[in-house]
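Just so it is clear: chains get the letters A, B, ... in the order the sequence lines come, proteins before strands, and each one is counted from 1.
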Amino acid sequence: MSVAANVSAGAHAHDEHHEHKENFITKYIFSTDHKMIGKQFLLTGMLWALIGGFLSVIFRLQLGFPEMKLEWLRPLLGEWIQVDGSLDPEFYLALVTMHGTIMVFFVLTAGLSGTFSNFLIPLQIGARDMASGFMNMLSYWFFFLSSVIMLTSLFIETGPAAGGWVVYPPLSALPQAIQGSGLGMTLWLVAMVFFIVSSLLGGINYIATVINLRTKGMSFSRLPLTIWAFFLTAVIGLLSFPVLFAAALLLVFDRSFGTSFYLSDIYIQGEALPNMGGSPILYQHLFWFLGHPEVYIVLLPALGITSEIIATNSRKPIFGYKAMIISMLGITVLSFVVWAHHMFVSGLNPFLGSIFMFLTLIIAVPSAVKVFNYLTTLWKGNIIFTPAMLFSIGLVSFFISGGLTGIFLGNSAIDIQLHDTYFVVAHFHLVMGSASFFGLMAGVYHWFPKMFGKMMDAKLGYIHFWLTFVGVYMVFFPMHYIGIAGFPRRYYSWSNFEFANSFTDLNMFVSVAAILTFVAQFVFLFNFFWSMYRGKKAPLNPWRSNTLEWTTPLEPVHGNWPGEIPTVYRWPYDYSKPGAEEDFIPQTVPYSQTPESNLPHEQQFVDEEREDAADDVVVANEHKH
Amino acid sequence: MLGFIIGIGVLLLISILLMIFRIQSLVSVVKGSDKKRATGSNKWNAALGMIFLLGTGFLFFWYSFKEFDNYQLPVASEHGVVTDGLFWTTMAVTGIVFVITHILLFWFGYKYQYKENGKALYYPDNNKLELIWTVVPAVVLALLIFTGWRAWVDITEKAPEGSEEVEIMGYQFAWAVRYPGEDKKIGDYDFRLIDGSNQFGMDLTDESSLDDFVAPNVMVLPKGKPVLFKIRSRDVLHSVFAPHFRLKMDAVPGMPTRFWFTPTKTTAEMREETGNPDFTYEIACTEVCGRSHFAMRYRVEVVEPAEYEAWLAKQSSWLSQNPEYMEKVPDDLKGVAQVIVDQEKIIQK
Ligand code: HEM
Ligand SMILES: [Cu+2]
Ligand SMILES: [Cu+2]
């Protein structure tokens, strides 16, 4: 109680010292307003998505049309297009590496978590801003710095890092093994260090804000699932990113200061290296200790967003609110103890392999529960297909398709054959890449009216959805077949092998589909920027939603609510409650005002509300003395 | 010129699309459909979901059956039969879940699409249901995993006594293969001994390396006998992948790894089975290792055991092919080494 009182008192002080005018720089560039920072993350993330997508189009051209002449790319790629017009095989690896790094970290970590944790946490829990606006600003600018460095590395002479997004040593430690392990790899490491700093600054802030700045009545059991998801994501990030930092640091030492953490028994380019006693496997353990949780860092926010959108647009409470939270908690904890399932055939002790196989399969259970709960939420709903809703349904579909193939890969005996084939590429693109990407899209369509005060065009949204949804399946579903056939990943060409010298037509199909899917994203871009300036003015609560952000003015100022922060009385999912006149009851409506729809056990809340109101009068009187 | 025309065409297309977009948004304002809670598009989207479900469902089954023989590589090892069985069992179980959940997903979307006077069911939770769909997947997964685990334990067990040992070493960008020779023991090595001819870094002070021989350009293996691959790398990570044997294991510098298996079909039998007279077993690399990662091909030939013995007998030790290394052999082993070399000379004649 007293906490809440303090918050609103602090908020008043906040209002006062914000009388001064903001100039362009403090408003749009070095802003400390969580909403502006969220938009900065979004725009940067979108830019990165275009770059990452474009890279995948280039290497898909190579895989689908190996004979194609790529001279037209020479102005951009220079020497990396060989004299005969084909792509340099080493640069192919660089493209794959940068594509993976960009998509996982810059688009789906920063672009997704960064955007929506920032934008939504204060708005949905009823806070004026993040716990530390300044740290939040730093978080964005470290990300920006990291972006600039990573982008630069694409254009240096020796090319960017090229050892895969996991950058396993010794390949990544030895410039004599591949050009990309020279300056490109150094820049990769520096960029990632700044990225980690950015993530940690952001994460600490999200956690502190959710714990401390919830408005009166917003208990943890009344938090929207979005906030639960962002909160747990931040916890995962806080615990796992430092380990990636350690891995990167040791790699820096091996590369530049002659240590042997990861290096041993190496003879390369006619020379035996002095390093002894290191272990490449150590790096893999450290990397995947982040790498696996990273999958959930990318996925949980998308699932949170989806929960919110599916409930709102089914006009039904999310089914199993508590079960959803428990499964997210389960995923959070378990995500830290499954990392070695990426290492079944790395030379890991087979006994450890067995342990990790069991742990991995446990984590499938909470994921299954989430799917069933989504389905039950749709059941007997009154479903409105907004673009956001369509993207959320698309996410559920990808989550199922990609999640099921995880059951194959988590089984070490089956993984022997499938590891590092296109089956894996299909699996993670569906479950992590496309699912999270759809979560991001759903979020943008759903909260655009709150971000910019305008509506996006729904029809263009539908077109965008159907093209992308069908496109993604056309790109990634065929990869399962190619993977079962044993086609290895990170291959410039498969024609050297008899066993993999088939399916050229299917690969061509995939490449064409990839290009179409990529082009379809411009429908979205047009819609986004057009609507930002010329879109229809949004109503205050366009989706007739229960959560707090829709109680702010159309374009909330710094501080979010002009007056007092509203009090919360109920959970966020009172949709279509029997007896209620409307099919939604916002969180700010007290039970005492809805006697017609209160459930028997909710009667007690009415009494509690009365007591609270009485308390408030007492507090107010005390202040007068 | 062509580029210019394409450019104009694209521009025209985009401007036409823009016009259509403008007109439809104006029309929707006039019709007032932008004020409605759910427009006619709602029906369309629900219906498209069903069309998607049926269309892709058909494609999925049709293609999966039609292409089965093309993507299902013939299997040629004992454990491979087991893991393939696991794979297809898992496919059956997950396939059922995949189909059912997708039917529900799109059918619910269709059936429960927005209706003007409809009202959704307020149904926030049901602990019994939650319990069921926690326990059922857990049990099914436990069964799948348990069978997988049993197979895994068998596969990763120590190789049986008397397995044929073969060393396979990855380097940028090829594989090199060494056989133990007559003593059936692969000799020691040290990466600091590697040079132009001694690519394995064979340690000639170890008696068992004296008769080791390097496979020419194909690895020959006996059918029906357990084979143990001793895998290592001398520069960066590689990974031995023999798809027909369902075998994969990383090659790690500084940490030798191993994988044993039993080939069940000779190359000749495989040629007959696949109807491809040129069929060869292949080894590929599946851990990215640099520029020519995609070209680390090595051939394997499986033959009947008798033929294998004959092939072994024909090979001559690395030492006899590189006599200048005789001086690296310590004095007390020189005699043994000479015997091996001489013997081979006789056989060759
Ligand atoms: C336009 C859409 C996309 C296409 C066509 C595409 C295609 C591909 C392909 C074909 C590969 C494998 C290349 C190879 O192994 O040789 C790949 C790798 C990868 N992609 Fe994507 N992708 C797309 C979007 C995404 C997204 C949204 C993510 C986010 C998770 C993502 C993450 C990755 C990662 C992590 C790798 C592995 C990189 C590596 O092997 O080091 N991709 N992509
Ligand atoms: Cu993992
Ligand atoms: Cu390789």
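- Contact check on B/Asp125 versus A/Lys322 returns no salt bridge, with no Lys/Arg side-chain nitrogen under 4.0 Å from an Asp/Glu carboxylate oxygen.
- Of the possible polar contacts, one joining the B/Lys248 side chain to the A/Gln417 backbone as a donor-acceptor pair under 3.5 Å is found.
- One finds a salt bridge joining B/Arg291 and A/Asp88 here, because a Lys/Arg side-chain nitrogen approaches an Asp/Glu carboxylate oxygen to under 4.0 Å.
- Residues B/Phe146 and B/Trp149 place their aromatic rings such that the two centres sit under 6.0 Å apart.
- Only the side chain of B/Phe106 comes within less than 4.5 Å of a heavy atom of chain A; its backbone N, CA, C and O stay farther away.
- Proximity to chain A (any heavy atom under 4.5 Å) is restricted, for B/Phe259, to the side chain, taken from C-beta onward.
- The candidate from A/Pro478, A/Ala500, A/Ser354, A/Gly180 with the greatest count of non-hydrogen atom pairs under 4.5 Å with chain B is A/Ser354.
- For the options A/Ser493, A/Gly347, A/Ala364, A/Gly483, heavy-atom pairs under 4.5 Å to chain B are most numerous at A/Ser493.
- For a residue to count as touching a neighbouring chain, one of its non-hydrogen atoms must lie under 4.5 Å from one of that chain's; by this rule B/Ile283 touches chain A with the backbone only.
- Both the backbone and the side chain of A/Phe319 have a heavy atom closer than 4.5 Å to some heavy atom of chain B.
- Interface remark: A/Leu378 contributes backbone and side-chain atoms alike to the contact with chain B (heavy atom separation under 4.5 Å).
- With hydrogens and angles ignored, the 3.5 Å screen pairs no side-chain donor or acceptor of B/His244 with any backbone N or O of B/Thr280.
- Not a single donor-acceptor pair under 3.5 Å links the side chain of B/Asp250 to the backbone N or O of B/Val252.
- Remark: the backbone N or O of A/Met455 is not paired with any side-chain donor or acceptor of A/Lys536 at under 3.5 angstrom.
- Residue with the most contacts toward chain A among B/Asn42, B/Val288, B/Leu141, B/Thr286: B/Asn42 (heavy-atom pairs, distance under 4.5 Å).
- A donor-acceptor contact shorter than 3.5 Å links the side chain of B/Asn45 to the backbone of B/Ser41.
- For A/Ile355, no part sits under 4.5 Å from any heavy atom of chain B, backbone or side chain.
- Residue A/Leu506 touches chain B through its side chain alone, counting heavy-atom pairs closer than 4.5 Å.
- For A/Pro169, the part lying under 4.5 angstrom from a heavy atom of chain B is the backbone only.
- Interface remark: A/Thr421 contributes side-chain atoms only to the contact with chain B (heavy atom separation under 4.5 Å).
- Proximity to chain B is absent for every atom of A/Phe465, based on heavy atoms less than 4.5 angstrom apart.
- The candidate from B/Ser64, B/Gly49, B/Ser239 with the greatest count of non-hydrogen atom pairs under 4.5 Å with chain A is B/Ser64.
- In terms of non-hydrogen atom pairs under 4.5 Å with chain B, the most contact-rich of A/Leu361, A/Ile268, A/Ile178 is A/Leu361.
- For chain B, no part of A/Phe91 is nearby; none of its heavy atoms comes within less than 4.5 Å.
- Taking the six-membered ring wherever Trp is involved, the centroid distance between the rings of B/Tyr281 and B/Phe279 falls below 6.0 Å.
- The backbone N or O of A/Pro350 lies less than 3.5 Å from a partner atom in the side chain of B/Trp152, making a donor-acceptor pair.
- Residue contact with chain B, scored on non-hydrogen atoms closer than 4.5 Å, involves the backbone and the side chain of A/Tyr267 alike.
- Proximity of a side-chain donor or acceptor of B/Glu282 to a complementary backbone N or O of A/Glu498 within less than 3.5 Å is detected.
- Of the possible polar contacts, none joining the A/Ser397 side chain to the A/Ile393 backbone as a donor-acceptor pair under 3.5 Å is found.
- Closest approach of B/Tyr122 and A/Tyr573 over heavy atoms only: CE1-O, 4.3 Å.
- A perpendicular orientation is assigned to the rings of A/Tyr491 and B/His293, their planes being inclined by more than 60° (bins at 30° and 60°).
- Only the side chain of A/Leu93 comes within contact range of chain B, with heavy atoms under 4.5 Å apart.
- In this structure, B/Arg234 forms no cation-pi arrangement with B/Phe191, as its terminal cationic atom is not both closer than 6.0 Å to the ring centre and no more than 45° off the ring axis.
- Of the residues considered (A/Ala368, A/Pro578, A/Gly410), A/Pro578 shows the highest number of contacts with chain B, using heavy-atom pairs under 4.5 Å.
- Contact check for A/Lys380 versus B/Lys111: no side-chain heavy atoms found under the 4.5 Å cut-off.
- Only the side chain of B/Thr257 comes within less than 4.5 Å of a heavy atom of chain A; its backbone N, CA, C and O stay farther away.
- Within 6.0 Å of CZ in A/Phe351 there are 12 or fewer heavy atoms belonging to other residues, nucleotides or ligands.
- Both the backbone and the side chain of B/Glu287 come within less than 4.5 Å of a heavy atom of chain A.
- Between the side chain of B/His102 and the backbone N or O of B/Phe98, at least one donor-acceptor pair lies under 3.5 Å.
- Per-residue counts of heavy-atom pairs under 4.5 Å with chain A were compared for B/Gln72, B/Met249, B/His79, B/Arg232; the largest is that of B/Met249.
- With a 4.5 angstrom heavy-atom cutoff, B/Leu237 touches chain A via backbone and side-chain atoms both.
- The candidate from A/Tyr374, A/Tyr321, A/Phe358 with the greatest count of non-hydrogen atom pairs under 4.5 Å with chain B is A/Phe358.
- Ring-plane geometry between A/Tyr481 and B/Tyr71 is classed as tilted, the angle between the planes lying from 30 to 60 degrees on a 0 to 90 degree scale.
- Aromatic pair A/Phe385/B/Trp44: ring centres not closer than 6.0 Å.
- Taking B/Leu121, B/Thr156, B/Thr83 one by one and counting their heavy-atom pairs under 4.5 Å with chain A, the maximum is reached by B/Leu121.
- Taking chain B as the reference chain and counting heavy-atom pairs below 4.5 Å, the highest number among A/Ile482, A/Asn496, A/Thr360 is found for A/Asn496.
- B/Gln172 touches chain A through its side chain: at least one heavy atom from C-beta onward sits under 4.5 Å away, while N, CA, C and O do not.
- Only the side chain of A/Trp466 comes within contact range of chain B, judged by heavy atoms closer than 4.5 Å.
- Only the side chain of A/Ile281 comes within contact range of chain B, judged by heavy atoms closer than 4.5 Å.
- For a residue to count as touching a neighbouring chain, one of its non-hydrogen atoms must lie under 4.5 Å from one of that chain's; by this rule B/Tyr123 touches chain A with backbone and side chain alike.
- Heavy-atom distances place both the backbone and the side chain of A/Leu418 under 4.5 Å from chain B.
- Note: B/Pro243 leads B/Pro243, B/Gly80, B/Gly254 in heavy-atom pairs under 4.5 Å with chain A.
- Ranked by non-hydrogen atom pairs under 4.5 Å with chain A, the options B/Gly95, B/Gly148, B/Ala295, B/Pro137 are led by B/Gly148.
- Contacts of B/Asn126 with chain A are made by both backbone and side-chain atoms, with heavy-atom separations under 4.5 Å.
- In this structure, the portion of A/Trp530 lying under 4.5 Å from any heavy atom of chain B is its side chain and not its backbone.
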